Each structure stands twice: as structure tokens, then as C-alpha cells.
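Below you'll find the structure, written out as C-alpha cells, and then a few comments.
Since we're looking at a predicted model, the values are computed, not measured. Scope of the values below: all heavy atoms of this structure, side chains included, with no hydrogens, waters or symmetry mates.
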Amino acid sequence: MRRTRPTRTAPPGTGSAPRGRWRGAVDPYVTALLGTVGVAALLPARGAAADVADAGATGAVALLFLLYGARLSARETLDGLRHWRLHLTVLGCTFLLFPLLGLAARGLVPTLLTPPLYAGLLFLCLVPSTIQSSIALTSIARGNVPAAICAGSFSSLAGIALTPLLAAALLGADAGGFSPGSLAGIVVQLLLPFLLGQVLRRRIAAFLARHKRVLGLVDRGSILLVVYTAFSAGMAAGIWHQVSLPRLGALLLVEAVLLAVMLLASWYGAGRLGFDRADRIAIQFAGSKKSLAAGLPMASVLFGAQASLAVLPLMLFHQMQLMVCAALARHRAREAEGDPERDPDPAPAVPQRAPGHVAEVSPAPQHPAARAR
């Protein structure tokens, strides 16, 4: 008879769902983002309203990075450095292999991708990894959850500096280059608020812990404002006339190939480097995904009026990675259930009896002929 196992839940504090089921495959936040794009298309901010929206988006980006800095514990970051090989592998996937694949996609211009869409695709390859979804998926797949937490945190922290610098170096004029204006925007809107959050962490950490839900709404509302401002500017500039349905279809195909390559490279590459199965799972899910929450505000600073097309590939990739990785995490969990060597608490095949124990029901003696058969 097949042995059943009780349902396991993720470790407290990871924010993930029970293993075997995760609701992240259809992200309602993506629906809200698409709705915001629709509102910007129908009712774009113009004139004085656009100036107010721009000022609000600038303040929202600064607030986001202040909260990022206040939530990141320096002590937890230092503790996680003990697993440095895993974190370097994830950073290599995020900020080395991804950008190389993005640069290789330049050969698809203009056959499949327009230059603005390619700029958005390359920017997608420079964005840091996710935290929440990486943790949830690693937990479902029975991987190393603490490693996923640290890897996502390190990636986000490194992305504050590496993403703008890589974008300026690889995208050039499309992302503002190294002009004084772009560098000032990066410092004022991203770096200084983050450092201020680190300084204020001891004083406001308890407040942030008590109001997680409210601050989560502030985070998401701020990003929705950034999206509305970016797409309103795009509508005013008429850049949507540059995109057609065949081009969008080609973009989705390119992103599907990009995701497949990263999933395979992170899994088999981690195996070749000698990581065990739990670490390989953490590397695969943390090293193959990109953060929408971090990428959108960065794009608004780096691309300005062109941010609407620049974030479109990231928005599409975000939903694709959630759907594909949710299915993959369930597959990894089923693999673990089917392999006794991977079972953390396998039951003994034969019940063990204590000395002097008498079974409640003894099997009836069989006839010798029956035993011979």
C-alpha cells in the first residue's frame, strides 16, 4: 500500500505557501499592472497633471528604495556569506550569464525585435533576481530555503549598483549613458534613499514589522504610479505606434527561449559545480528570475520618456517566469517524493517491535502446501 505523507509547510517567515501548491502562477499584481497600462492608454497624464505625476513617481521611487534599505538586515547578510559559493553562482547567473545572452540577442534586430524592444530585453537581463517568489518556489521544490533567502537579498543589494552601471555601459544613450544627469538621478533616487533606510533601520524596523500589509500596499501602489507615469509619457510621445502584434509575439518567443536556457544552465551548471540537490534548486529558482519590483523604478530613472517600452519585456517575462517555475517546482517536489533516498523522513519498510511486544493481530498459520506455492 502506498504510504502517504503529511503536508509540509515552508519555514516561518518565508511568505511561501505549502509545498505542492502555490498561487503565484497567476499573479493578480500583473493584472493590476496591465490595468494601469490600460488607464494610461485611455487617460494619459498631460500638461500640469503629467508634471504632478512625474513628481509623485520620483518620490515613490525614493520611498521604495528607502524601504528596501530599512528592511535589509546587515547581520543577516553577513551570516549568509558563509555559503559564498552558492551566492556567487546566483550572482554569476544574474549579472553575467543573463547579460551575455542579452547581448547575443542583438543579432535579432531588426528581423524579430525593434531597437526599443531590444533595449527593453537587454535591460531585463540586467535586473536583479526576485526574493519572495524565489523563496516560495524553492520551498515547494524542497530546496535550500535559507540559501534562497540570502541569494535573493544579495542579488537585490548588488542590483542597486550593478544594474544602473551595466545599463549605462551596455545600453549607452538608450539608458542615459554616463551623463551627469543620469548619474545624479541614480544617486538621488536610488542610492541615497537606500543608505538612509540602512541608517534608520534600528529606529523604524519595529514599525515596519508591525505594518507589513500597509507597507506592501505602499510598495505596490508606488510601482503602479511609476508604471502609469511611464506609459502616459509613452502615449504622449506616440511610441506605441512602433509596436505591432507580430513584434510582441516575437518578443514572447525570444523570452521563452531565454527563460529555458537560464533554467537549464542554472540547474546543470550547479550540478557540474558540485552542489547538492537542495542547493541546485535554490540556484535554479534564484538565478533564473528577474524582479519586476526592482526593475520598474530603475527603468523610470534610466530611460525617462522611453521607459514604457523598456519595461514591457520585463512585465511579460515576469508573468512567464511565474507560470513556468511554478510548474517546475511542483515537478521537483514530485521527484523528491518518488525517490526514497531524497525522503527526509522515510518510514521503515518493516515495523520495528519493542522487546516483548506481541502483535495485536497475528497472521493465521498457512497450510504447508500454500507456503510451498
Counting C-beta onward and ignoring hydrogens, is there a side-chain heavy-atom pair between [X] and [Y] closer than 4.5 Å?
X      : Y      : answer
Val311 : Val227 : no
Asp276 : Asp279 : yes
His83  : Cys150 : no
Val127 : Phe123 : yes
Cys93  : Met262 : yes
Leu195 : Val199 : no
Phe154 : Val90  : no
Leu259 : Glu255 : no

Could you give the distance from [atom1] ([X]) to [atom2] ([Y]), rounded to the nearest 0.5 Å?
X      : Y      : atom1 : atom2 : answer
Met323 : Leu328 : CE    : CG    : 14.0 Å
Leu96  : Leu162 : CG    : CG    : 11.0 Å
Leu137 : Leu322 : CG    : CG    : 7.5 Å
Leu63  : Ser222 : CG    : OG    : 5.0 Å
Ile160 : Ser155 : CD1   : OG    : 10.5 Å

Strictly distance-based, threshold 3.5 Å: is any side-chain N or O of [X] a donor or acceptor partner for the main-chain N or O of [Y]?
X      : Y      : result
Lys290 : His318 : no
Tyr118 : Gly107 : no
Arg247 : Leu117 : no
Arg142 : Ala333 : no
Thr163 : Leu126 : yes
Gln284 : Leu263 : yes
Arg277 : Gly143 : no

Minimum-distance pair of heavy atoms, taken over all atoms of [X] and [Y]:
X      : Y      : value
Leu208 : Ala70  : CD1-CB, 3.5 Å
Ile281 : Ala141 : CD1-O, 3.2 Å
Ala294 : Pro128 : CB-CG, 3.9 Å
Ser288 : Cys325 : OG-SG, 4.4 Å
Leu170 : Arg106 : O-NH2, 4.1 Å
Lys289 : Ser134 : NZ-OG, 3.3 Å

*Look at the aromatic rings of Phe317 and Phe98 and report parallel, tilted or perpendicular, splitting at 30° and 60°.*
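Taking Phe98 first and then Phe317, their aromatic rings stand perpendicular (interplane angle over 60°).
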
In residues 34-58, what donor-acceptor pairs under 3.5 Å come from side-chain atoms, sequence neighbours left out?
from, atom 1, to, atom 2, distance (Å)
Thr36, OG1, Ala32, O, 2.9
Thr58, OG1, Asp54, O, 2.9

Check for me, please, whether [X] and [Y] land in the same ILVMFWY cluster - side-chain distances under 4.5 Å, paths through other members count.
X      : Y      : result
Val254 : Leu314 : yes
Leu253 : Leu112 : no
Phe95  : Leu122 : yes
Val145 : Phe275 : no
Leu273 : Trp267 : no

*Sequence neighbours left out, what passes side-chain hydrogen bond (donor to acceptor under 3.5 Å, both in side chains) with Thr94? Give chain and number order.*
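Testing Thr94 for side-chain hydrogen bond (donor to acceptor under 3.5 Å, both in side chains), a comparison that skips the adjacent residues, returns none.
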
*Starting from the C-alpha separation in whole Å, work towards a yes-or-no answer on side chain to side chain contact (heavy atoms under 4.5 Å, CB included) for Leu121 and Leu258.*
CA-CA 10 Å; Leu121 179 69; Leu258 175 64; 4.3 Å; yes

*Just do the side chain to side chain contact (heavy atoms under 4.5 Å, CB included) check on Leu248 and Leu252 with the steps written out, would you?*
CA-CA 6 Å; Leu248 287 178; Leu252 286 173; 5.7 Å; no

*Would you sort out whether Leu292 and Leu296 count as a side chain to side chain contact (heavy atoms under 4.5 Å, CB included), showing the intermediate values?*
CA-CA 6 Å; Leu292 186 68; Leu296 288 177; 3.8 Å; yes

*asked:* Just checking Leu245: does its CG atom have more than 12 heavy atoms from other residues, nucleotides or ligands closer to it than 6.0 angstrom?
replied: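 Counting neighbours around CG of Leu245, 12 or fewer heavy atoms of other residues, nucleotides or ligands fall under 6.0 Å, so no.
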
*Pair Ser129-Phe285, side chain to side chain contact (heavy atoms under 4.5 Å, CB included): steps then yes or no*: CA-CA 9 Å; Ser129 178; Phe285 289 124; over 6 Å; no

